[in-house]
Amino acid sequence: MDRDTVVRSTKKIAGRPFGALGACLLAALVMAAGDCGQDQDGDGYTPAQGDCNDADPAIHPGASEVCNGLDDDCDDAVDEGFDQDGDGFAVCENSGVPADCDDGNPEVHPGAAEQCNGLDDDCDGDRDEGLETFQVLLDGDGDGFGAWDSVCAVPEGLETDCAGDCDDYDPGVHPGAEDLPDDGFDQDCGGAPGPQPHVGLGPGSFDTIQAALDAGEDGDIVWVGPGTYVAFNVRFGGKAVTLAGACGAERTLVDGQGQGTVFVFDQGEGSGTVLSGFTLTGGRAAGGYGGGLFAEESSPVLQDLVIRGNEARYGGGAALVFSSALLRNCAFLENQAMDDGVGSGGGLFANRSDLLLSGCRFANNAAAQWGGGADHVEGRLEIRDTLFEENEVAGEAGRGGGLHASLSDSVVVSGGTFRANDAGPTGLGGGAMLEASYVTMEHTVVEDNRALQGGGIYLGGGNATIAGSSIAGNRVGHADPGGDNRDGEGAGLFLHSTNLVLTGGSITDNVAQGEYSRGGGLRLVASSVGVEGTHISDNEARGYNGLGGGLYLENASLTAEHLLLEWNVAAGEWTAFGGAIAAFGSDVRVTSSILAENGALAESGSGGGAYLEESMLVMTNSVLAHNRVSSVPTFVAGGIELDGWVDGSMIVNTIFYYDEYYNLLVTPQEDFVILHTCLHNGDSVMNHNMTSLDVSNTTADPGFLEASPPWSPSDYHLALSSSLVDQGQPDLLDVDGSPSDIGCYGGPGGAGWDRDEDGVPDYFWPGTIDDAPDGFDPADFDPDDQDPLVPATGP
């Protein structure tokens, strides 16, 4: 009988009850079949007896299960018994799934949600990853000193405010511990095996900071315990030594008691010299430099310092001359540079120095002349994530309430904040005054500062770029109830002989006041500014005469695209000109922009949107909507008044919509170029004063997608039915290649709007976002460009 016959017969017998006789017959048949009845691996079990792998003697019924990805005991289960916590994951990887890193905790296994508990919940080798964490000093060995760690919650009882523990598992190792020589261990955490000098940390400590520094060597860390140390003119002697307050600046004070500068670096110290974790106070350098700290031709690292209540003529808190110091996480508080009416740099003075300020704070400092918070003259200055708050220049003609910088090769400000600084009643640059310098400012907040000119920032000469920043709530002009109303100019920004590139961000709620107030948002004198995508709104120039609620230009130039000017006001008891823009002898070129709800409000005035005198205006693909004036003489322009325009002026592809009382007034009317433009003012005869209009122009309703006349539209897209679709100047094509639409979404710049700055562009075609032309996907565009929380519609 061959094997196949045996197998077939076995199957038949196995399929019915056959009792003991049948079992014997089955065994005989199997024996006759050959190999199936033999124990091939010698483990005492044949396949007929349940051996599921007769080629491996370690695998058979009753064998011990091993964590190897195999069914060792032939019970049709793999690696059973190796998942003690029952979470479905074994302690080894051979089971076919990732290994459980804690088989005693069912909440810990691969794929588990990470919890804030100091455990590796998901067994990926990291703990508490993906959770919001912060740095904290933890004392793991209970010796009073800790090491920095990143945690999502502070373990109870482990937090400390004393740092420097270089082995937080050994209570015999910490700053000031007894350090045995020649044992190869650094018990006192001084930077090397063997004892290093320390102060105020028990037995073996030096009595004074100066004595410890004198005993130190290059590479040493000299730890200082908490307390107040009376000292002045403390020097490092040119050594590359770190002097550190173990328990931080709040608990470790060095008081000069008015006898001199607290710390002096004048022997060529470099970046290997570090001063960290102290409060420097009571320093005084009468007629000199740096009350709390002075560095000359030296460039130490200064970090985690509080420099408070010091005095000097130059740099009440600190002075740096010919230095490239790094200042990190330092606070300059309540220092003064006011020596007999002379002084600069209330908190910090730097001359011919290249400085980096990172994470610093300047607050409540005062100077007599320049830089209430800080003054930098020549060299390079970089400022990162630094706050200037409530600093002031107390004397007449002050410069730079928060910061003054001049003749600087570059001034770079990133993530800065200038808040509530004051340059004085006749001062320039409440937040900052930057003169004859190359300036780059990004993602910075300038708010609630005061001056006579340049409430937020005064730029005097040089070149500047300001990107993605907020300039808000600043004031210029100090109204005196006694009658001395000083003229405020440039409440947000004042530019004199400066070239500025302004991108993104906003200039809002700034106010210029005085008998003649000029430029609520910006004031430009002999300067040029290029603007892209900036929102200028709710600014005011108010007083007896108000000029340029948003911008005031004098012998200056403005080139703007995607500029949003709305709700700006020039308000005067007598005259008001240019609610959004007032320009005199200037060049104004505006494209793909919106001027809406601006006003020139006075007994006499004009140009609710813009007033230009002896100036050039080139405006294309823009919208003016519901700009207004409050008086009604014979001719008053709610939209734009051009009084003596310069050759080359023109208005093309633009919409005027219910500007009260006239949309457009031009003097003289002859030869002025206005093409493919819509002038709509309902049924009012007060629309424009042109003796004739080119046939390409229209007075029909523009047909906005959403509009409630006479108010400005809530959506400036044209409806599909608008008569302005494809009716623009033929050589200005839309982005999709079709003839240009009239208005702010037509022409080559129509697709560049991003009003909410969420990184997703507004759609440019007529109709709704779903009416995209061929080749354009609505998912790539913003369905609501006024709300940054509404993303593109696609994935």
Side-chain angles (χ1 to χ4, degrees), residues 255-256 258 261-262 279-294 305-320 327 330-351 355 357 360-377 381 383 386-406 416-435 446-458 474-476 478:
D255 188 347
T261 299
V262 180
T279 292
L280 281 54
T281 190
R284 187 168 185 270
Y289 292 82
L293 183 150
F294 176 53
L305 301 176
V306 175
I307 302 176
R308 182 197 298 270
N310 302 281
E311 300 178 16
R313 174 170 290 186
Y314 302 102
L320 307 169
L327 292 89
C330 293
F332 294 80
L333 311 174
E334 302 167 11
N335 303 285
Q336 292 190 358
M338 299 178 62
D339 191 347
D340 294 328
V342 179
S344 63
L348 171 68
F349 173 80
N351 179 235
L355 301 184
L357 304 177
C360 293
R361 180 185 176 211
F362 293 79
N364 301 109
N365 302 286
Q369 296 170 297
W370 300 282
D375 184 24
H376 183 272
V377 183
L381 175 62
I383 299 172
T386 290
L387 170 66
F388 292 83
E389 184 174 38
E390 296 185 354
N391 303 284
E392 67 171 342
V393 178
E396 290 291 316
R399 301 292 187 264
L403 169 68
H404 178 260
S406 61
T417 299
F418 296 82
R419 179 184 298 124
N421 302 285
D422 196 332
T426 59
L428 310 181
M433 181 178 185
L434 309 172
E435 299 183 86
V446 182
E447 61 184 13
D448 300 328
N449 304 284
R450 294 191 65 118
L452 181 64
Q453 297 179 345
I457 299 174
Y458 187 107
N474 302 285
R475 302 289 185 267
V476 290
H478 294 249

Looking only at atom types and distance, does a side-chain atom of N310 sit under 3.5 Å from a main-chain N or O of L280, one as donor and one as acceptor?
yes
Does the side chain of D422 reach to within under 4.5 Å of the side chain of V393, using non-hydrogen atoms?
no
Set of side chain to side chain contact (heavy atoms under 4.5 Å, CB included) partners for R419, sequence neighbours left out:
L387, E389, T417, E447
If I take atom CG from residue L348 and atom CD1 from residue I307, how far apart are they, to the nearest 0.5 angstrom?
8.0 Å
From L293 atom CG to T261 atom OG1, the distance as rounded to the nearest 0.5 Å:
8.5 Å
Taking side chain to side chain donor-acceptor pair (under 3.5 Å) as the definition, give me every residue that meets it alongside D339, ordered by chain and number, with sequence neighbours left out.
none
Just jot down the ring-ring contact (aromatic ring centres under 6.0 Å, His included) partners of F388, sequence neighbours excluded, or say none.
F362, F418
With sequence neighbours excluded, tell me which residues meet side chain to side chain donor-acceptor pair (under 3.5 Å) with Q336.
none
Sequence neighbours excluded and cut-off under 3.5 Å, please list the side-chain donor-acceptor pairs for residues 364-372, or say none.
{"residue": "N364", "atom": "ND2", "partner": "E390", "partner atom": "OE1", "Å": "3.3"}
{"residue": "N365", "atom": "OD1", "partner": "E334", "partner atom": "N", "Å": "3.3"}
{"residue": "N365", "atom": "OD1", "partner": "N335", "partner atom": "N", "Å": "2.9"}
{"residue": "N365", "atom": "OD1", "partner": "N335", "partner atom": "ND2", "Å": "3.1"}
{"residue": "N365", "atom": "ND2", "partner": "F332", "partner atom": "O", "Å": "2.8"}
{"residue": "N365", "atom": "ND2", "partner": "A363", "partner atom": "O", "Å": "3.3"}
{"residue": "N365", "atom": "ND2", "partner": "N391", "partner atom": "OD1", "Å": "3.0"}
{"residue": "Q369", "atom": "OE1", "partner": "G343", "partner atom": "N", "Å": "3.1"}

Backbone of V446 reached by a side-chain donor or acceptor of N474 within 3.5 Å
yes
Closest approach of A337 and S344, non-hydrogen atoms and distance?
CB-O, 3.4 Å
Closest contact, heavy atoms only, A285 versus G290:
CB-O, 3.8 Å
Residues two or more places apart in sequence or in another chain: which of them pass side chain to side chain donor-acceptor pair (under 3.5 Å) with E392?
none
How would you list, by chain and number, every residue that makes a side chain to side chain donor-acceptor pair (under 3.5 Å) with H376, sequence neighbours excluded?
S408
Give, for atom CG of D375 and atom OG of S406, the distance between the pair rounded to the nearest 0.5 Å.
6.5 Å
Non-neighbouring partners of D255 that pass side chain to side chain contact (heavy atoms under 4.5 Å, CB included), sequence neighbours left out
T228, Q257, T281
Which residues satisfy the salt bridge (Lys or Arg N to Asp or Glu O under 4.0 Å) test with E435, sequence neighbours excluded?
none
In Å and rounded to the nearest 0.5 Å, what is the CG to CG distance from L357 to L381?
5.5 Å
Set out, in order, the CA-CA distance, both residues' side-chain angles and the distance that settles side chain to side chain contact (heavy atoms under 4.5 Å, CB included) for L305 and L327, then state yes or no.
CA-CA 9 Å; L305 301 176; L327 292 89; over 6 Å; no
Can you check whether G282's main-chain N or O pairs, donor with acceptor, with R284's side chain at less than 3.5 Å?
no
I need the L320 CG to Y289 OH distance, nearest 0.5 Å.
12.0 Å
Might you point out which heavy atoms bring L333 and R361 nearest each other, and give the distance in Å?
CD2-NH1, 4.0 Å
Check step by step if side chain to side chain contact (heavy atoms under 4.5 Å, CB included) holds for N449 and I457.
CA-CA 9 Å; N449 304 284; I457 299 174; over 6 Å; no
Rounded to the nearest 0.5 Å, what's the gap from CZ on R313 to CZ on F349? Could you check?
12.0 Å
Closest non-hydrogen atom pair between A451 and G429, with its separation
CB-N, 3.8 Å
